[in-house]
Amino acid sequence: MKTPLLRIEDLTVIYQTDLETVHAVNNISLTLNKGETLGIVGETGAGKTTTALSIMRLLPDRTGRISAGSVYFEEKNLLDLSEKEMRTIRGENISMIFQDPMTALNPVIPVGKQIAEALILHNNDHLTRDQIEDQVNQSLELVGIPAFRKKDYPHQFSGGMKQRVVIAIALACRPKLIIADEPTTALDVTIQAQVLQMIKELKLSLNTAMIMITHDLGVVAQTCDYVAVMYAGEIIEYGLMEAIFDDPEHHPYTVGLFGAIPSLVSECERLYTIEGLMPDPTQLPEGCKFKPRCPHAMTICDQNPPLIKMSETHEIKCHLFNQKKVSL
Ligand code: SF4
C-alpha cells in the first residue's frame, strides 16, 4: 500500500468578521500520493483556493481560521508546526504557483535573482554561490527559458514566459508537492496549452506531486490523475480522473459542469447553464448544498448526503448514488 504524501482529514475552514461567519470549507478529506496530480475543480467561491491556503497555512491572519481537521504531510500534521517549522516546509517541500504571474513576481528584481532568493531562503544543502548560480540556470532551462535571460526583468517577458519564471521559482528547491492555483487562467489560449504541456512534462521528469486548482475541466483532463469536484465548500465527487470523465452522469452538479462544455459534434445552439447561484457561504442551506439548484431534488435531500463509494476509484455525495445515469 502506498504511503500518502498529503492527507487532509475533515478539514473545516471559516472566515470570521465582526458581522458574519463565512463557511468556506466544510469537512473535506483528500489524499495525494507521491508523483500524483489531484485536480480540484469547481466554480469561484467553491473553497478551492481556501483549501490550498490551508495546506500552506497562509490563510489571512485576521479572518481565516482552520476550525477543525488535520493536514498531514509525510505523516506530520502541518497544523501542529510552529511558524518557523512551517517556513521550512514552504518552498523546500511544498510550493505554490499563483494565478497571476505579474503579482507573483517582483517587477524591480531580475528573474534570476528572484529564483536565487528562493534557493538562499531554503539553503539547507549549504550551496555555494556557484552552485546557486548553476541551479538558477538549470531551473530556467527546465522551464524552457535560456539561462542568459536571468538578468532580465519581469517586464521583458511575455505573459506565458512570466508564468514559466514563476514555475521555475516554485521548482527551484525541488519541492515534493506543488500547488498550482489556476496557473493558466491569466494566459491566452495558445500559451495556456504550452504551459500546461510543460507542467505535465516537468511533473513526469521530476516526479513531483501536484494539486491543480482550476475551474476548467479541460485542464483537469490534460494534467490530473485524480479529481475532486468542490461545491459550496464540500467535495461532492472524488475519484480517478478516468472514472469521472468516462462516467460523469451521477452527481447532478458534475452532470451540469460537463453539460456546459462546448462540443464540436453536438448540434445544440445554446450551451447548457446550471440555473441559479452558489449559496451564500454565510447562510448555507441545511442538507445538500446543491439542493436549491438541483433539478432532481427530493425530500430526502434536506439531509446532507455522505460521500458514498460507487467503486474503488469513484465517490459521490448525492442521494441519487444508486441511479445508473442522471440527465441534465
Ligand atoms: Fe440533487 Fe439531492 Fe443529489 Fe443534492 S442530494 S445533488 S439535491 S439529488
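Every number for a ligand or one of its atoms is a count from 1 in the order of the listing.
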- Lys/Arg cation over aromatic Phe157: Arg149, 6.0 Å, 45° cone: yes
- Message: Which of the protein's N, O or S atoms come within less than 2.8 Å of atom 2 (Fe) of ligand 1, not counting waters?
- Response: Cys301 SG
- Considering residues at least two apart in sequence or located in another chain, which fulfil the ring-ring contact (aromatic ring centres under 6.0 Å, His included) criterion with Phe258? Phe245
- Would you please say whether a donor-acceptor pair under 3.5 Å links the side chains of Glu43 and His215? no
- At a 4.0 Å cut-off, with the gap strictly under it, does some heavy atom of His251 reach an atom of ligand 1? yes
- Task: Keeping the roles fixed (side chain from His250, backbone from Glu237), state whether a donor-acceptor pair exists under 3.5 Å.
- Result: no
- Message: Applying ring-ring contact (aromatic ring centres under 6.0 Å, His included), can you list everything that pairs with Tyr226, at least two apart in sequence or on another chain?
- Response: none
- Is there any side-chain hydrogen bond (donor to acceptor under 3.5 Å, both in side chains) pair reaching into residues 103-114, and which pairs are they, with sequence neighbours excluded? none
